[in-house]
*Asks:* 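Please find one structure pasted underneath; my questions will follow.
The shown structure was predicted, so the numbers you read here are calculated from the model rather than taken from an experiment.
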Amino acid sequence: MEEKSATSLERMLRVLDLFDDEHLTRTAEEIASLLDVSLPTGYRYVKTLGDAGLLQRAGDSRYALGPRIVVLDYYIRRADPLLRVAIPHMADLVEKTSFDCVTSAWFGSQILDTHREMGKAPATLAYGRGRPRPLFSGGAPKVILASFPPAQLRKLFDAHPADIARAGLPTEWPAFRKYYAAIRRAGHYVSRGELEPQLAAIAAPIPKADGGVWGALSVVIDMPRIDVVDVSRVVQLVRQAAGRIADELAEG
């Protein structure tokens, strides 16, 4: 009985994973079909999640993610140890550079931006808190993936051949591993128009003592400005801020 209940709960929670940029709403029929459960079970899942505020009606028998998720996100922000430490350093980095500053982190199988401090002329970003980033394009994903041990990086390499080729990265494992090893040795990455053609970014990892990372710290710069700023100075400032954040996290 407990095993069946756990399976049912897991399937119900997978309803939340069925929503994305291409599917902002779903019908109960779609949910039941995608989860391979009966239609009555699909309706039961929808009702239970709706009663919990995790789903809401979106008209025409369709459902969208519910307002309880917004409340939960507020508590996630409050509890996130990285944000509690990083935000003052991000504000200081914005003051020193005038550029937007962003933190990103690895969650399960996705890279998400978790916070953004606005600069003097905020950039228009297609990605923000909660929207998964492409794994193989842009500064933050590259410094995060560069921290992965070879076995973990190999799993990503094997799972995403089309995405890797689309990003213009090496499609052979030895060259792919060497590419990320070079980023790890450099301790930062400068992306130019990789994710959004009008934007560049300078990213550095926020390291953990065990060799992993808490995430990445980035500044976002309009492409015309990247050619006139002192990139080496900005790299130094970003790395110093990431190091201070890491030190404070290690202390407590």
*Asks:* Can you find a heavy atom in the side chain of Arg225 that is under 4.5 Å from one in the side chain of Ser98?
*Replies:*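 They are in contact (side-chain heavy atoms under 4.5 Å apart), so the answer is yes.
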*Asks:* Are the charged groups of Arg192 and Asp227 less than 4.0 angstrom apart, N to O?
*Replies:* yes
*Asks:* Does the pair Leu169 and Tyr179 meet the rule for a side chain to side chain contact (heavy atoms under 4.5 Å, CB included), with working shown?
*Replies:* CA-CA 8 Å; Leu169 297 181; Tyr179 178 88; 3.6 Å; yes
*Asks:* Start with the C-alpha gap between Glu30 and Arg62, add the side-chain angles, then the distance that decides, and say whether side chain to side chain contact (heavy atoms under 4.5 Å, CB included) holds.
*Replies:* CA-CA 10 Å; Glu30 289 173 340; Arg62 303 192 72 83; 3.3 Å; yes
*Asks:* With a 4.5 Å cut-off on side-chain heavy atoms, are Leu112 and Arg133 touching?
*Replies:*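 No, their side chains stay 4.5 Å or more apart.
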*Asks:* Shortest non-hydrogen contact from Gly139 to Ala203?
*Replies:* C-CB, 3.4 Å
*Asks:* Has Ser33 got a side-chain atom pairing as donor or acceptor with Glu29's backbone, closer than 3.5 angstrom?
*Replies:*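 A pair under 3.5 Å: no.
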*Asks:* Hey, are the side chains of Glu117 and Ile87 touching, using non-hydrogen atoms and a 4.5 Å cut-off?
*Replies:*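 The answer is yes, as the side chains (C-beta and beyond) meet within the 4.5 Å cut-off.
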*Asks:* Checking His115 against Met90 for the side chain to side chain contact (heavy atoms under 4.5 Å, CB included) test, could you report, in this order, the C-alpha distance in whole Å, the side-chain angles of both residues, the deciding distance, and whether it holds?
*Replies:* CA-CA 9 Å; His115 186 70; Met90 296 172 71; 3.7 Å; yes
*Asks:* Less than 4.5 Å apart, any side-chain heavy atom of Val46 and any of Val15?
*Replies:* no
*Asks:* Using 30° and 60° as the class limits, which term best fits the ring planes of Phe176 and Phe157: parallel, tilted or perpendicular?
*Replies:*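 If you compare the ring of Phe176 with that of Phe157, the planes turn out tilted.
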*Asks:* Looking at Arg44, I'd like to know if its CZ atom is crowded, meaning that more than 12 non-hydrogen atoms belonging to other residues, nucleotides or ligands lie closer than 6.0 Å.
*Replies:* yes
*Asks:* For a quick test of reading the model, state the closest non-hydrogen atom pair linking Leu217 to Ala241 and the distance between them.
*Replies:*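 Result for this residue pair: CD2-CB, 3.6 Å.
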*Asks:* Should Gln152 and Trp106 be marked as a side chain to side chain contact (heavy atoms under 4.5 Å, CB included) after you check the CA-CA gap, both sets of side-chain angles, and the distance that decides it?
*Replies:* CA-CA 13 Å; Gln152 186 179 8; Trp106 175 261; 4.0 Å; yes
*Asks:* Taking everything shown except Gln198 itself, do over 12 heavy atoms lie less than 6.0 Å from its CD?
*Replies:* yes
*Asks:* For a quick check under 3.5 Å, do Arg184 and Tyr180 share a side-chain donor-acceptor pair by atom type?
*Replies:*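 The criterion, which ignores hydrogens and geometry beyond distance, is not satisfied for Tyr180 and Arg184.
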*Asks:* Do Asp158 and Lys155 sit within salt-bridge range, that is, some charged N less than 4.0 Å from a carboxylate O?
*Replies:* no
*Asks:* Determine, step by step, whether Arg14 and Asp17 satisfy the salt bridge (charged side-chain N to carboxylate O under 4.0 Å, His left out) criterion, reporting the C-alpha distance in whole Å, the side-chain angles of both residues, the deciding distance to 0.1 Å, and the verdict.
*Replies:* CA-CA 5 Å; Arg14 284 204 293 270; Asp17 294 329; over 6 Å; no
*Asks:* Find out whether Leu145 and Ile183 are in side-chain contact, i.e. whether some heavy atom of one side chain is under 4.5 Å from a heavy atom of the other.
*Replies:* no
*Asks:* Please say which of Thr114, Asp113, Asp80 ends up in a side chain to side chain donor-acceptor pair (under 3.5 Å) with Thr103.
*Replies:*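 Of all the options given, the one that passes is Thr114.
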*Asks:* Is there a chain of hydrophobic side chains (I, L, V, M, F, W, Y, each step under 4.5 Å between heavy atoms) that links Tyr45 to Leu65?
*Replies:* yes
*Asks:* Give the minimum heavy-atom separation between Leu156 and Phe148, together with the two atoms involved.
*Replies:*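 So the minimum-distance heavy-atom pair works out to CD1-CE2, 3.5 Å.
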*Asks:* In this structure, would Leu54 and Tyr43 fall into the same cluster of hydrophobic residues linked by side-chain contacts under 4.5 Å?
*Replies:* no
*Asks:* How close do Pro81 and Leu249 get, counting heavy atoms only, and between which atoms?
*Replies:* O-CD2, 3.5 Å
*Asks:* Under 6.0 Å from the CG atom of Asp60, do we count more than 12 heavy atoms belonging to anything else shown?
*Replies:* no
*Asks:* Could you give the distance from NZ (Lys208) to OG (Ser147), rounded to the nearest 0.5 Å?
*Replies:* 9.0 Å
*Asks:* About how many Å separate CZ of Phe19 and OG1 of Thr25, when rounded to the nearest 0.5 Å?
*Replies:*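 That separation rounds to 7.5 Å.
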*Asks:* Can His89 and Asp92 be said to form a side chain to side chain donor-acceptor pair (under 3.5 Å), step by step?
*Replies:* CA-CA 5 Å; His89 294 286; Asp92 181 61; 5.8 Å; no
*Asks:* Would you find a donor on one side and an acceptor on the other, under 3.5 Å apart, between the side chain of Asp222 and the backbone of Pro224?
*Replies:* no
*Asks:* Between the side chain of Thr41 and the main-chain N/O of Val37, is any donor-acceptor distance below 3.5 Å?
*Replies:*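 No: the side chain of Thr41 does not pair with the backbone of Val37.
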*Asks:* Find out if a path of hydrophobic residues (ILVMFWY) with successive side-chain heavy-atom gaps under 4.5 Å connects Val235 to Ile221.
*Replies:*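 Yes; tracing contacts between hydrophobic side chains, which count when under 4.5 Å, links both residues.
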*Asks:* If you define the side chain from C-beta out and look only at heavy atoms, does anything of Cys101 sit under 4.5 Å from Arg116?
*Replies:*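 They are not in contact (no side-chain heavy atoms under 4.5 Å apart), so the answer is no.
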*Asks:* Check whether Val231 and Met223 end up in the same hydrophobic cluster, where Ile, Leu, Val, Met, Phe, Trp and Tyr are linked by side-chain heavy atoms less than 4.5 Å apart.
*Replies:* yes
*Asks:* Rounded at 0.5 Å granularity, tell me how far CH2 in Trp214 sits from CG in Leu83.
*Replies:* 11.5 Å
*Asks:* Rounded to the nearest 0.5 Å, how far apart are CD of Gln240 and CD of Gln236?
*Replies:* 4.5 Å
*Asks:* Return the CG to CD1 distance between Leu237 and Ile202, rounded to the nearest 0.5 Å.
*Replies:*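 Reported value, rounded in 0.5 Å steps: 9.5 Å.
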*Asks:* Determine the minimum heavy-atom distance between Gly215 and Ile144, stating which atoms define it.
*Replies:* C-CG1, 4.1 Å
*Asks:* Once you round to the nearest 0.5 Å, how far does CD1 of Ile164 lie from CZ of Phe136?
*Replies:* 4.0 Å
*Asks:* Do the side chain of Glu194 and the main chain of Gly138 share a donor and acceptor less than 3.5 angstrom apart?
*Replies:* yes
*Asks:* State whether Arg11 and Asp36 are salt-bridged, where the test is any N-O pair (Lys NZ or Arg NE/NH1/NH2 against Asp/Glu carboxylate O) under 4.0 Å.
*Replies:*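 No, no charged N to carboxylate O under 4.0 Å.
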*Asks:* Taking all non-hydrogen atoms of both residues, which atom of Gly187 and which atom of Arg239 are closest, and how far apart?
*Replies:* O-NE, 3.7 Å
*Asks:* With a 4.5 Å cut-off on side-chain heavy atoms, are Leu135 and Pro141 touching?
*Replies:*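 No, too far: nothing below the 4.5 Å cut-off.
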*Asks:* Quick one: are Lys47 and Leu55 in side-chain contact, heavy atoms under 4.5 Å?
*Replies:*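 No. Closest side-chain heavy atoms not under 4.5 Å.
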*Asks:* Give the cluster check for Val143 versus Leu195: same hydrophobic cluster or not, with ILVMFWY residues linked at side-chain heavy-atom distances below 4.5 Å.
*Replies:* no
